[in-house]
Protein chains: 2
Amino acid sequence: MVTKQFKGLPEDADLRRADSLAREIFSDVANKWAFLIIEALGERTLRFSELRNEVEGISHKMLTQNLRMLERYGLIDRHVHPTVPPRVEYTLTEPGRALRATVDGMCGWTHQYLGHIEAARRRFDD
Amino acid sequence: MVTKQFKGLPEDADLRRADSLAREIFSDVANKWAFLIIEALGERTLRFSELRNEVEGISHKMLTQNLRMLERYGLIDRHVHPTVPPRVEYTLTEPGRALRATVDGMCGWTHQYLGHIEAARRRFDD
DNA sequence: CAGAATCCATTTTGATACTG
DNA sequence: CAGTATCAAAATGGATTCTG
């Protein structure tokens with residue numbers, strides 16, 4: 001067994017690090033733009049400008065920023081065609097597609113409970 | 001058939017409204033604090049102060065704000081005990097529990113792909 | 001204890017201009 | 001076309017104070 005344990009250093013230091021990493025990923029990815037981008041990509045490959053159109057309301061800057069983040073975590077592949085003008089295509093990776101199941105679930109949930117939610121909101125707002 | 005259609009007003013005005021509402025809900029709920037609160041509640045009922053401890057790193061203000069939002073959409077129930085000092089308990093409603101499946105899915109995903117993601121990030125950061 | 005309200009620093013965001 | 005940089009405006013978040 002390979003151990004990273006040193007005297008006095010409990011080996012669940014690894015677990016704590018993993019937890020804080022998990023939390024970091026969770027916090028970064030659980031935001032509306034990331035979700036909407038993942039949803040938009042679905043099974044397709046899309047260019048930057050296509051994504052800009054698909055994800056309604058996203059600004060140039062937010063799109064770039066979130067694409068970088070998703071690429072950094074390996075949720076999307078970025079493929080640059082060496083042409084002029086440049087053509088850059090984005091595709092979900094395996095982890096990205098796996099997360100899509102979650103995002104799809106939330107989309108379904110939203111539509112399923114739309115009535116409930118709208119009613120609740122009206123009640124709350126008096 | 002009951003229709004809301006008037007002359008000149010296409011009946012998919014309803015659909016558009018529903019879509020924009022769905023989008024609003026989606027955007028509000030797809031944020032890390034809401035997710036973490038839902039995850040913390042799980043099957044349990046928790047008090048404000050308990051939630052504050054469970055959801056690591058959340059501030060008093062963020063907790064109140066997100067609890068209001070979730071209550072407004074009917075994802076949680078807020079029960080005030082008429083005691084002094086006050087005791088306020090929060091519980092997931094049916095729609096809230098349904099959404100928990102999504103949140104759980106994301107938690108599972110995070111842990112499942114932790115290795116993938118960490119490696120991808122290291123690669124990206126050169 | 002729960003939470004509303006205020007103030008203030010920080011962050012986020014959008015618009016715009018610039019580059020390969 | 002895709003992306004970076006910049007700057008002002010807007011939103012967010014935290015600390016603190018005050019209330020029932």
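Here is how names work: the chains are called A, B, and so on, in the same order as the sequence lines, proteins then strands, and each is numbered from 1.
- Listed by chain and residue number, B:Arg44 satisfy the salt bridge (Lys or Arg N to Asp or Glu O under 4.0 Å) test with B:Glu54 (two or more places apart in sequence, or in another chain).
- Residues forming a ring-ring contact (aromatic ring centres under 6.0 Å, His included) with B:His116 (at least two apart in sequence, or on another chain): B:Tyr113.
- Among residues two or more places apart in sequence or in another chain, the salt bridge (Lys or Arg N to Asp or Glu O under 4.0 Å) test is passed with B:Arg121 by A:Glu24.
- Judged as a side chain to side chain donor-acceptor pair (under 3.5 Å), and not counting sequence neighbours, the contacts of B:Asp28 are B:Tyr73.
- Judged as a ring-ring contact (aromatic ring centres under 6.0 Å, His included), and not counting sequence neighbours, the contacts of A:Phe48 are A:His60.
- Remark: B:Glu94 engages no residue in a salt bridge (Lys or Arg N to Asp or Glu O under 4.0 Å) (not counting sequence neighbours).
- Look at CH2 on A:Trp33: it is 13 Å from C1' on C:dT12, rounded to the nearest Å.
- For the salt bridge (Lys or Arg N to Asp or Glu O under 4.0 Å) condition, the pairs that include at least one residue of residues 60-73 of chain A, sequence neighbours left out, are A:Arg68-A:Glu71, A:Arg72-B:Asp125.
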Anything under 3.5 Å between a donor and an acceptor, one on a side chain of residues 101-109 of chain B, the other on a protein residue two or more places apart or in another chain? List them.
residue  : atom : partner  : partner atom : Å
B:Asp104 : OD2  : B:Arg100 : NH1          : 3.4
B:Trp109 : NE1  : A:Pro95  : O            : 2.9

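- Phosphate contact (OP1/OP2 of C:dA2, side-chain N/O of B:Arg47, threshold under 4.0 Å): present.
- Using a 4.5 Å heavy-atom cutoff, the side chains of A:Ile76 and A:Ile38 are not in contact.
- Annotation: proximity of residues 21-30 of chain B to DNA chain D (heavy atom, distance under 4.0 Å) is found for no residue.
- Residues from residues 49-87 of chain A lying near DNA chain C, meaning a heavy-atom separation below 4.0 Å, are A:Ser59, A:Lys61, A:Met62, A:Pro86 in numerical order.
- In this structure B:Arg97 satisfies the side chain to side chain donor-acceptor pair (under 3.5 Å) test with no other residue, sequence neighbours excluded.
- Defining each end axis of the helix from C:dC1-D:dG20 to C:dG20-D:dC1 as the rotation carrying four pairs' C1' atoms onto the next four, with five pairs an end, the two axes are found to diverge by 40° to 10 degrees.
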